[in-house]
Protein chains: 2
Amino acid sequence: MRDIDIAEVAELSGVRASTLRFYEEKGLIASHGRRGLRRLFDPAVLDRLALIALGRASGFTLDEIGRMFAPDGRPRIDRKMLATKADELDRTIRRLNAMRDGLRHAAVCPAPSHMECPTFRRLLRVAAAGKMEAPKKTKKSRRKS
Amino acid sequence: MRDIDIAEVAELSGVRASTLRFYEEKGLIASHGRRGLRRLFDPAVLDRLALIALGRASGFTLDEIGRMFAPDGRPRIDRKMLATKADELDRTIRRLNAMRDGLRHAAVCPAPSHMECPTFRRLLRVAAAGKMEAPKKTKKSRRKS
DNA sequence: TCTTGACCTCAAGTTCACTTGAACTGGCAG
DNA sequence: CTGCCAGTTCAAGTGAACTTGAGGTCAAGA
């Protein structure tokens, strides 16, 4: 079993065929030939997809991820970039921690209205001051048509 | 100084005028009249904007935030929803923590290639398995034309 | 009074990461 | 041989949250 077709890649990776085609178009992955019309991929594409998932999960855009692969296809990951992104994640995490605590408090706060709760108002100030970025909504269960 | 105009709101809140108009169109805020063409806002709009910033920072969409205001305009925040969102944030935070640790490791990993580093490969598996959502890119410094 | 500049409206454009639709192709089961 | 069906292409659509552009208006300063 040298090459696997797009359906198998989709199955094994959990990435939709349409997404795989999209990634190929973007140059993030490459198919290795065809059986009829069907793309054939080297099983190593699975590592590649994992790498892409990692990049995405870490906040890189697809374009940035694309730039992380040398022209020859081998990942050429800049360690400094990783450290930078790790620091960025760290700040994000701190921010979200504050948010979570605030929400948690607001959820049980006995003040008649949130606007009358000092903790809530403090949270508000943090949110307003931070010019913070919303974490993208987690879209669960995007399978089936 | 009863009402403030859109420029002042923008200045005080850090939210662009175009965004304020957009929010008004969406029903998230309301202007209270006009001086000529210029919208006038009640200073309370600043609290409202802080509330919106908080919601966004916590991962709510603008539509969801809109639904948090009763028709009369007073915030009617569902405490259960807050708790749910807090839990969601918690999961996100855990995920990002793992990512950050992984990146941090990859940044200093002595393996000749990341693909040969067991820790990196483990991180890859986590990322691939998680079907995780990328945290939106933090766009810094979007001011000036 | 006239000019200016900030604001106005409305429609369309932007970015990101995909998904969907229409029309078509071709390997394989029957 | 014939259909089926899962694949293919290409263009266009989606959704979230805004931003931008064109063309218009008006309060205030010179």
Side-chain angles (χ1 to χ4, degrees), chain A residues 3-11 13-41 49 52-67 131-145, chain B residues 3-11 13-29 31-41 49 52-67 127 131-145:
Chain A
D3 291 329
I4 56 187
D5 75 18
I6 195 171
E8 289 176 277
V9 175
E11 170 117 14
S13 67
V15 176
R16 284 180 165 215
S18 69
T19 306
L20 293 172
R21 280 189 285 269
F22 174 70
Y23 281 0
E24 184 174 20
E25 204 181 335
K26 276 230 140 194
L28 293 172
I29 57 176
S31 55
H32 210 258
R34 299 283 176 118
R35 174 163 54 232
L37 288 180
R38 261 155 233 222
R39 285 163 175 79
L40 293 176
F41 291 93
L49 287 170
I52 293 169
L54 170 61
R56 297 256 309 113
S58 303
F60 292 97
T61 66
L62 291 184
D63 282 351
E64 287 174 317
I65 293 168
R67 271 177 252 125
K131 289 276 73 199
M132 24 192 44
E133 187 76 9
K136 248 175 95 184
K137 284 214 77 182
T138 302
K139 47 176 178 196
K140 307 227 106 106
S141 60
R142 289 305 311 118
R143 225 83 310 184
K144 288 300 166 233
S145 176
Chain B
D3 291 327
I4 55 186
D5 74 17
I6 194 170
E8 289 175 278
V9 176
E11 171 119 13
S13 67
V15 176
R16 286 177 164 214
S18 68
T19 305
L20 293 172
R21 280 190 285 268
F22 173 70
Y23 282 179
E24 183 175 21
E25 204 182 334
K26 276 229 139 193
L28 292 172
I29 60 177
S31 55
H32 210 260
R34 299 281 176 120
R35 172 163 56 233
L37 289 180
R38 264 154 230 224
R39 286 163 176 77
L40 293 176
F41 291 93
L49 288 170
I52 292 169
L54 171 61
R56 296 256 311 113
S58 303
F60 291 97
T61 65
L62 292 183
D63 283 349
E64 285 174 318
I65 293 167
R67 271 177 252 126
K131 290 278 72 196
M132 23 193 42
E133 188 77 8
K136 248 173 95 185
K137 282 217 79 182
T138 302
K139 49 179 175 189
K140 307 227 107 106
S141 59
R142 292 302 312 116
R143 226 83 308 184
K144 289 297 167 235
S145 177

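Values below: every heavy atom of this structure, side chains too, minus hydrogens, waters and symmetry copies. Each chain gets a letter, A, B and so on, in the order the sequences are listed, and its residues count up from 1.
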query: In whole Å, what is the span from the CZ atom of A:R56 to the C1' atom of C:dT15?
result: 13 Å

query: Which heavy atom in B:L62 sits nearest to a heavy atom in B:R56, and how many Å separate them?
result: CD2-CD, 3.3 Å

message: What is the separation between atom CD on A:E25 and atom P on C:dC16, rounded to the nearest whole Å?
response: 16 Å

Spacing of B:I65 atom CD1 and B:F60 atom CZ [to the nearest 0.5 Å]: 8.0 Å

- line: Between CG of A:L20 and P of C:dC18 the distance, given in whole Å, is 10 Å

field: Rounded interatomic separation in angstrom, taking CZ from A:F41 and C1' from D:dT8
entry: 12 Å

field: Non-neighbouring partners of A:A17 that pass side chain to side chain contact (heavy atoms under 4.5 Å, CB included), sequence neighbours left out
entry: A:I6, A:R21

- prompt: Can you check the A:L62 CG to C:dA17 P distance for me, whole Å?
  reply: 4 Å

- request: Check the distance between C:dA17's C1' and A:E64's CD and give it to me in whole angstrom.
  value: 14 Å

N/O contacts under 3.5 Å, protein versus nucleotides 1-8 of chain C?
residue, atom, partner, partner atom, Å
C:dA6, N3, B:R38, NH2, 3.4
C:dC8, OP1, B:R39, N, 3.0
C:dC8, OP1, B:R39, NH1, 2.8
C:dC8, OP2, B:R21, NH1, 2.1
C:dC8, O5', B:R39, NH1, 3.3
C:dC8, O3', B:R34, NH1, 3.2

statement: By nearest-nucleotide position on DNA chain C, the 5'-leaning member of A:G36 and A:K26 is A:K26

- request: Rounded off to whole Å, could you give me the CZ-to-P distance for the A:R16 and D:dA6 pair?
  value: 15 Å

statement: Across all chains, not counting sequence neighbours, the side chain to side chain donor-acceptor pair (under 3.5 Å) partners of A:T19 are none

Listed partners of B:R67 passing side chain to side chain contact (heavy atoms under 4.5 Å, CB included), at least two apart: B:D63, B:E64

Set of side chain to side chain contact (heavy atoms under 4.5 Å, CB included) partners for A:A7, sequence neighbours left out: A:D5

- prompt: Which residues satisfy the salt bridge (Lys or Arg N to Asp or Glu O under 4.0 Å) test with A:E11, sequence neighbours excluded?
  reply: none

message: Return whichever of A:L40 or B:D63 has its heavy-atom-nearest nucleotide of DNA chain D closer to the 5' end.
response: A:L40

- prompt: Base, sugar-phosphate, or nothing for A:S18, non-hydrogen atoms under 4.0 angstrom?
  reply: base

- prompt: Any side-chain N or O of B:T19 less than 4.0 Å from the OP1 or OP2 oxygen of D:dT19?
  reply: yes

message: In whole Å, I'd like the distance from the CZ atom of A:F60 to the P atom of C:dT15.
response: 21 Å

message: So, OP1 or OP2 of D:dC18: does either fall under 4.0 Å of a side-chain N or O from B:Y23?
response: yes

